[in-house]
Every structure is written in structure tokens, then in C-alpha cells.
There are 2 protein chains.
Amino acid sequence: MESDKIVIDESKYIQQLSIDCVIFGFHGEQLKVLLPKVKQLELWSLPGGYVLKKEDIEAAAQRILEERTGLRDIYLEQFYVFGRANRSTGETLKKVLLANSIQIPEDSWVFERFISIGYYALVDFSKVNTKIGIYDEACEWHDIHQLPNLAFDHAEIIQKALETLRFMLDDKLVGLNLLPETFTMKELQILYETILDKPLRRDNFQRKVLTMGILERIEKKFTGAAHKAPYLYKFVK
Amino acid sequence: MESDKIVIDESKYIQQLSIDCVIFGFHGEQLKVLLPKVKQLELWSLPGGYVLKKEDIEAAAQRILEERTGLRDIYLEQFYVFGRANRSTGETLKKVLLANSIQIPEDSWVFERFISIGYYALVDFSKVNTKIGIYDEACEWHDIHQLPNLAFDHAEIIQKALETLRFMLDDKLVGLNLLPETFTMKELQILYETILDKPLRRDNFQRKVLTMGILERIEKKFTGAAHKAPYLYKFVK
DNA sequence: TCAAAAGTGTTATCCGTACACCCATGA
DNA sequence: TCATGGGTGTACGGATAACACTTTTGA
């Protein structure tokens, strides 16, 4: 990301390299993305930042995630590097700095093109207290179907993240941070349906995830509803 | 990569970022990787280089590939970013420079840690005239099963490239640069078997690739052998 | 006429999907 | 006892794997 998190001390970071996090938020039947809004511009961006000179890139991504959500040890996965020479310009950043009365030398590397490593994360947005960065005027969850005006190629980055997430969903199960400790099969199914954006068959879905061998069946859950009580499950460790 | 292709003018490049190319070479029944040998050190590395400040990373990867093989417009794919803070040190590079009597300021960024974007390519190694870089004493094809002593985490990078290549082979067909203009089904099968490192059934393999609809059957090929002459195929464009 | 490898028809097996029925629950 | 949603047995169909037979070629 290039527009928020403007460095106080540029020399601490690796030049012209950034990390952009696509933080997917799930709750109920909604899939959202966390987007900060650039101050005084009608422009939204991805939460991003730079990599410290001696920092693992994985750690940098975790740090950026924590800065916005306060969350630690979240499922986070690198999915692509965006490196077209003209994918970003310093113009947007200059506007931001001007709007916020921040001075950075004209010849700083922060105005050059950026290569950005994309990570995506999955969180339950109802449990997150989002934090507004010092150069944001807002930081909000946006439904995946209704994205606002996005900076640079961030719309493309979100699209690629979503494709990768959906592709991965076949093999790996990624509900870890998105569901409560214990949950019903119905809840897990809704998670899948929301991410994949298509309905799934109840019967076959149950069989499929059970044969994966990653769920442990606990006791029943009596909801008070006039029907059979569903089992509760938890992920086996 | 960090040990070959030492920059003459460091300021042209993005700092602490490199590209490493895993160039797979195929011919006969062998799968190899192109590895330059660092001068005067018993150490091999991946062909790599830096990204020019205003260069697409894709173009940088193509440039690095061309530097070693002379080949252009080759199938090339980004597969992962290696960014552990301690994955490389400047020590190896210093030895190289010392061995080659090259002077670079002690405080140059080339001695810092590197984040490296991995690309892999596929070529026919019998058609390539490999080029020795100015800091290499050799540049040779190594069988994938017998890799020499490799610098940094380059063994890990090769492993990851190989996994990605095998994974991709199911959907996309990647024989384009590896086979002659026309080829027999047997040749294509050997290519697949060599990459996947496992035998495939002749009958089912034929049906599978034919249903993909990417091959066009040409005339027969009379080899002089005492059996039915196989058809020749070519990739449809 | 024979061996060797190519090509293809047929059968078996597996897996994902669809349909069905039964079960538990509280009104 | 009824409606509602959960759990699971079973049947269907397409795709893949396995088997078997035929064809072609030059020795």
C-alpha cells in the first residue's frame, strides 16, 4: 500500500517495497473487506505498510494486520506480487501529504513506483475493533459486492485475493478465525457459501467436510427451535 | 539472487529486492535446473538479478532469463516470495567480491538482507547456449535429483518451484518450450512423467490430453522401428 | 510370422451430485 | 401430531483408472 502509513523515518524501511493486506471479514452471511479511507480524498485503499530492513515479510504482514485490527496470530497467506512499473504513482501520496500538512522531501523513494506483496487474512468482523490510522479519516468494512473507489490497482488485488481464497477452500479448511470455538454444520456451510458466493447442498456438504477429518463432533446444541438439535463441532488440532 | 550479477551501478536498482529464476530444462527423460557456479567458491546459486527502478518485475525476470539463456518470450511464472530476514547474508557476496577483486562500499545495500521473488521457466536444455556471467566460473544444468551445494535458501526455492510446477501441470499444458514443433504422444508423456517423477498409463494419458483439445494431430512418423508408426501432434494456437 | 509399440473399445471403480427417508424437537 | 430442520442411506451419472484387443511396422 502506498497511501496510508506514511513513514516518519523512511530510512527504517526497504525502499519501494510494500505489503498490502486484504483482510476479509466474515459474520452472519456477509463477506467484507477492511478498507481505510484516505483523509480528505474520496479514495479508499488497502491496509498496507512497508517492511523494516531486518523484518521477516511474514512478520511485517502480521504487524500491518495488527495495526488495523489489534489481532495477533491470524491466518495470513501470501498470494501474489504486484509489480507493474506503472501500477502506482506518487501523485496520490502527494495529495495525501498536502491534505495532511506533512513534509517529505521531493526526492524521497516513497514517491517512486512500488512493488507490493499481497497477503490475505480471515477474521470475524464482529469481533474486531478496527483502528483508524493517522492518515485515515475512516476504516470500514465493505461488502465484497459493493466496493468503493479504490486507489491504484487495489481493486485488482482484492479480486486476486478472492480468487486465491476460493481456490484454496477446496483443500484447506480456513474457518479457524471466522467461527466460534464450537459451531454447527449449518454455520460452517454458511461460511463456505458466503465465500464462494453460491449455494451448497446441505447433505453433500456435511459428508465432504466430515471426510476431511478436520472436525470433531461434540454434544448437541438445543436451540429451542422446533426441530432436531444439531451437533456442535470444533476443529481438531 | 545475491551472489552473481553484482551491480556496476547500484543506484539503478531497487534496494534489497531480487528476482531468482528457477530455469527448468527438459530433454530426453531428464529434468534439470540451470545453475551458475560462483567463481572460486564451491557454491552454486540460482540465476538472479535486481529490478530496475522503473522496470516491470515480469520484464526483470525475462531479462534475467535472457541473460543466461539468450531466450526470449519464454513461459515464465511467479510462484512465491522468499522474505525471511535471515535468509541471506552479505558474507557470501563479500567472499565473491574479494575473490574477483571487485570493490563495493562496505555500507552498500547489496550486503543487506534480500527479499527475493521467485519465478520459474521451462526450456529445452539441448537448445540453449548457456552464458556464463562475469562472476561465474561455470553455468551448468543439474539433474533435479542431484543438486550441488547451493547458496542461501536456494534449495528451498527450487523445491517450491517444483511443487508449483507439478501442481499446475494438471490444468495448464506447459510443453510449449520443451518439445519440438511436432512431437509424438510418447514424447509428451515422457515430459509429464519426468516432471511428475512418476509413471503414467499410456492409454489414459493419451485420452486425457486429447480431450483437453489443445493438440492437433498431423501425419504419421515413421521411425524405422518395427512397430506401428505413431502420429505426430502439435499444439493448436 | 513375430515382437514391439501405437491406438482404441470396453469394463470397473471412484467420486460428486441428487433424491429420499427417518429422526429429534417444541409448538 | 404436525411442521421444521438435522442426519444419513442409497441411487444415479460422469470422470478416471484398469484391462484387453486390434493395428501397424520392420526384422
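Counting only distance, with no hydrogens or angles, the side chain of A:Gln206 and the backbone of A:Met185 share no donor-acceptor pair below 3.5 Å. A distance-only check finds no donor-acceptor pair linking the side chain of A:Arg63 to the backbone of A:Val51 [under 3.5 Å]. With A:Asp56 contributing its side chain and A:Glu58 its backbone, the two residues share no donor-acceptor pair below 3.5 Å. Of the possible polar contacts, none joining the B:Gln30 side chain to the B:His27 backbone as a donor-acceptor pair under 3.5 Å is found.
Nucleotides of DNA chain C that come within less than 4.0 Å of any heavy atom of chain A span, from the 5' end to the 3' end, C:dT17 to C:dG26.
Under the side chain to side chain contact (heavy atoms under 4.5 Å, CB included) test applied with B:His154, the options B:Ser88, B:Ser45, B:Ser116 reduce to a single match, B:Ser45.
Atom CG of A:Asp203 is separated from atom C1' of D:dT10 by 11 Å (rounded to the nearest Å). The CG atom of B:Leu210 sits 16 Å away from the C1' atom of D:dA15 (whole-angstrom rounding). Summarising the geometry, the separation between CD on A:Glu187 and C1' on D:dG5 is reported as 14 Å, rounded to the nearest angstrom. When rounded to the nearest whole Å, the span between CZ of B:Arg201 and C1' of D:dA18 equals 5 Å. Regarding A:Arg202, its CZ atom lies at a distance of 7 Å from the C1' atom of D:dG7, rounded to whole Å. The nearest whole Å value for the distance from the CD atom in A:Gln189 to the C1' atom in D:dG5 is 12 Å. The NZ atom of B:Lys208 sits 11 Å away from the C1' atom of D:dA15 (whole-angstrom rounding).
Remark: B:Gln189 engages B:Glu193, B:Leu200, B:Arg202, B:Phe205 in a side-chain contact (heavy atoms from CB on, under 4.5 Å) (not counting sequence neighbours).
Using the six-membered ring where Trp is involved, B:His142 and B:Trp44 have ring planes that are perpendicular, over 60° apart on the 30 and 60° scheme. In this structure, B:Phe235 and B:Phe183 have tilted ring planes: the angle between them lies in the 30° to 60° band.
Take the nearest nucleotide of DNA chain C for A:Arg207 and for B:Arg207: the residue whose nucleotide is more 5' is B:Arg207.
Within the nucleic acid shown, B:Lys186 comes within 4.0 Å of sugar-phosphate atoms alone, with no base atom in reach, counting heavy atoms only.
For B:Arg87 and B:Phe82, the positive end is not near the middle of the six-membered ring at less than 6.0 Å and at most 45° from its axis.
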Which atoms of nucleotides 23-27 of chain D (N or O only) lie under 3.5 Å from a protein N or O atom, and what are those distances?
{"unit_1": "D:dT24", "atom_1": "O2", "unit_2": "B:Lys228", "atom_2": "N", "d": "2.5"}
{"unit_1": "D:dT25", "atom_1": "O4'", "unit_2": "B:His227", "atom_2": "O", "d": "3.1"}
{"unit_1": "D:dT25", "atom_1": "O2", "unit_2": "B:Ala226", "atom_2": "O", "d": "2.6"}
{"unit_1": "D:dT25", "atom_1": "O2", "unit_2": "B:His227", "atom_2": "N", "d": "2.7"}

